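Here the structure comes first, spelled out in C-alpha cells, and everything after it is commentary.
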Amino acid sequence: MLQSLSVQDYALIKELEMEFESGLNIITGATGAGKSILIGALRMILGERANTDVVREGTSKAVVEGIFDDADTERIRAVLRENEIPTDPLPRVILRRRITERGSRGFVNDTPATLDVMRAVAGELIDLHGQHEHQSLLHTETHLRLLDSFGGLSGLVESYRDQRSRVAEPVEEREALAARERELRQQKELYEFQIEEIDAVDPQPGEEDELRAEQRVLENAEHLYASTKELYERLFESENALHDQLVISRNDLQDLARIDDAFEEHVEEIESARIIVSELANFLQDYNAHVEVDPERLQDIRERTTEIEKLKRKYGGSLEAVLEHRREIGEKYELAQDFEGNLERLDAQIDEAKADLTDVAQRLSQKRREVATRIEDAILEELGTLGMPNSQFEVRFTRQEDPDGWIQPDDADAHYRAFQKGMDQVEFFISTNVGVSPMPLAEVASGGEISRIMLALKTILAKSERLPILVFDEIDVGISGNMARRVGESMHDLARDHQIITITHLPQIAALGDCHFKVEKIVEDGTTKTTIHRLDEDEQATQVASLISGEDITDAALASARELMAAGERDE
C-alpha cells in the first residue's frame, strides 16, 4: 500500500505529507482547490514526464516522494535487480522525483533511476485512473489490452511478438533482395570485370608500404655500400680507428684508476663505449656484405607499384579502399550468381517462421476467447451491482483477411494479417436496455454508463491482477443519486482487498471512506497555497454534509451525512 506521500514546492503546494490507510481513502475539496495538483504530484513518482513549470514560484526545486510498504514481490525484486537498485529497504519501496527548472531526476530506494525504471516499479504497485481516462474505453485498441490484462496473457503476447519478428526479418530481407534483382543482374558483368582486374594484380594488405621500403633500398644500393664501407673503416680498420682510440683511452684510465679510485667508474663507461662501437662496426660490416645492386628486382617493384597505383586511382585512392571494394563487389557478385538460390533459402526460412507464428497466434486467440467468456460474465455481474442489471455485454472478435497475410490457421483456407499483438481484433459491445441488441460501446454508452463500465472493468481487473493500490480521480463523473451510492459501495467492497484512493465530489461515496482528506486553497502572506487536512469523524461528517447542501450546511444535511456514514459502517 501507499504508506505516505510527501510533496514540497510543487505548483501551489508548499509542503504537505499524507499518511494513508488501507481500505478506502477519500479526497474531497472545492473545485479549483488543488485536487488535480495532488494527482499531478502523484503522477511524478509514477514516472510521468515533468513540466518544469510545476516548481513553485520563488523556489528552486520541487520534490515528491512516496513510500510503499508490503511491496516485496518477485516481479519488483526482478526489476530492482535488473537495474542494480538495492533491495535492502524491502518490503518498503521509496519512489522520489526531484524537479528543477533544468529538468528532473528520479530515484528508487535512493538510487538514481530513469523514468522507464520508475514506471516499471510503480506499474507493479499502483494503477491510477484519471477522470478523463474512461474515454479510452471508446478506443477499440484499449479493449484488447484490457482483455489480455484480465487473462494474464502478457507472456503469450510477448511470445507472439518475438515470433512475428522472426518472420519480419527474413521477409524484409527478401523484399530488399527482390528489389535489387534488376540492379544486381545489370551490374553482374561490371562486378565480374572489376574482380578480374583486381585479382589479376592481387594486392595484399600492407604490401605497398613494404614495396616502397624495398624500392628505396635498391635505388640507393651504391650509396649504401659506399657509406657503410667508409663508416666501418672509420670505426674499426683505419690507422686511427675509433675503436683503437677507445682501447688506448681505456688503458690510460685503468692506469689512473690504480692511483685514484675516482677514475674507476669512468673505466667502465669507456669500456661500454668500446663495446657499442664494436657492435656497430660488426653490423656495418655485415650490412655492407649483403648490399646488392639488382636492377631487375627494382624494375619489378616499379611495375608492381604502378599497377597498384592504377587500382588505387580507380577504386578509392588507397590500397585499403581497393581491398574493401573487392570484398563488397565479391559479395554482390556471389549474390547475383546465386540469386534464385538465395530467394529459395529465404522462402524456406519464411515459411518455417510463419508456421511457428501461426501456432502461437492460434494458441493466443484460443486463450483470448476463453478469457472473453469469463470477462463477459464478470462484467455483467459488476454492472448488475452498479445498477445496470439488464445489460448485455459481449467481447467480439474479428480477423482481417489478407492474401499476403502471415497467418493461416489450420481450420481456415484464408490467410490473415498478423497485427502487432496477434491476429485478433477485439471490440466491446453492450446494450443497457431490454430488447436492444448490443452495439459498439463507443456508440451507445453515456458518460455515466462509461464511468460505471470502467469501474466494473477496474474491479474485475484488480481482482485478477491483485494490484495492491488503485487511484480513481473523479471516476464518478456523470452519475448521482442511487447510482452514486452503488458505485460507492462497489469501491468500498473493492477496498477490502485493495487500497483505494479516490477523489470524489459525491457525498454517497465520500461517506464510505475509511480515511478522509480535504484539500483547500488558502492565501497566506500574499501567496496562494494548497493545503490538505485529514479529517476526524466529526469533520468528515461536516464535509460530507457540505457535499450535500453546499457551503450553508443545514442540520438536515448533517443528519443525512451521518446516516450515509453509519450505513457504510453497517455494511461492513
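Here the structure is a predicted model, which is why all the values come from computation and not from measurement.
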**Study point:** Ion pair Arg77/Asp72, N-O distance below 4.0 Å
**Key:** yes
Exercise for review: Output all residues satisfying side-chain contact (heavy atoms from CB on, under 4.5 Å) with Arg92, sequence neighbours left out; order by chain, then residue number.
Suggested key: Gln3, Ile67, Asp69, Ile94
Review point. With Glu21, which residues qualify under side-chain hydrogen bond (donor to acceptor under 3.5 Å, both in side chains), at least two apart?
Key: Arg534
Review point. Are Arg485 and Glu489 within salt-bridge range, i.e. N to O under 4.0 Å?
Key: yes
Please tabulate, for side-chain N and O atoms in residues 522-533, each donor-acceptor pair with protein atoms closer than 3.5 Å (sequence neighbours left out).
from	atom 1	to	atom 2	distance (Å)
Glu524	OE2	Lys529	NZ	2.7
Thr530	OG1	Ala33	O	3.1
His533	NE2	Glu539	OE1	3.2
His533	NE2	Glu539	OE2	3.3

Exercise for review: Mind listing the closest non-hydrogen atom pair of Leu512 and His492 along with its distance?
Suggested key: O-CD2, 3.2 Å
Exercise for review: Cation-pi check, Arg369 to Phe397: give yes when NZ or CZ is under 6.0 Å from the six-membered ring centre and within 45° of the ring axis, no otherwise.
Suggested key: yes
Check your understanding: Are any of the side-chain nitrogens in Arg496 or Asp493 under 4.0 Å away from the carboxylate oxygens of its partner?
Key -> yes
Exercise for review: Measure across Thr554 and Ala557 and return the closest heavy-atom pair with its distance rounded to 0.1 Å.
Suggested key: OG1-N, 3.0 Å
Point to revise | From Arg43, Arg119, Arg97, residue fulfilling side chain to side chain donor-acceptor pair (under 3.5 Å) relative to Glu48 | key: Arg43
Check your understanding: Does Phe428 offer a backbone N or O that forms a donor-acceptor pair with the side chain of His143 under 3.5 Å?
Key -> yes
Check your understanding: How about Asp555: does its CG atom have over 12 heavy atoms from other parts shown lying under 6.0 Å from it?
Key -> no
Check your understanding: Does any donor atom in the side chain of His505 or Thr28 lie under 3.5 Å from an acceptor atom in the other side chain?
Key -> no
Check your understanding: Does a salt bridge link Asp351 with Lys354, judged by any charged N lying under 4.0 Å from a carboxylate O?
Key -> no
Check your understanding: Can you list the residues that meet the side-chain contact (heavy atoms from CB on, under 4.5 Å) rule with Asp402, with sequence neighbours excluded?
Key -> Asp404, Arg417
**Study point:** Where Val519 and Gly34 come nearest, the two heavy atoms and their spacing
**Key:** CG1-C, 3.9 Å
Exercise for review: Could I get the full list of side-chain hydrogen bond (donor to acceptor under 3.5 Å, both in side chains) partners for Arg174, not counting sequence neighbours?
Suggested key: Asp347
Point to revise | side-chain hydrogen bond (donor to acceptor under 3.5 Å, both in side chains) involving Glu65 - partner list, sequence neighbours excluded | key: Arg96
Practice item. Considering only NZ, NE, NH1 and NH2 on the basic side and carboxylate oxygens on the acidic side, decide whether Arg396 and Glu427 come within less than 4.0 Å. Key: no
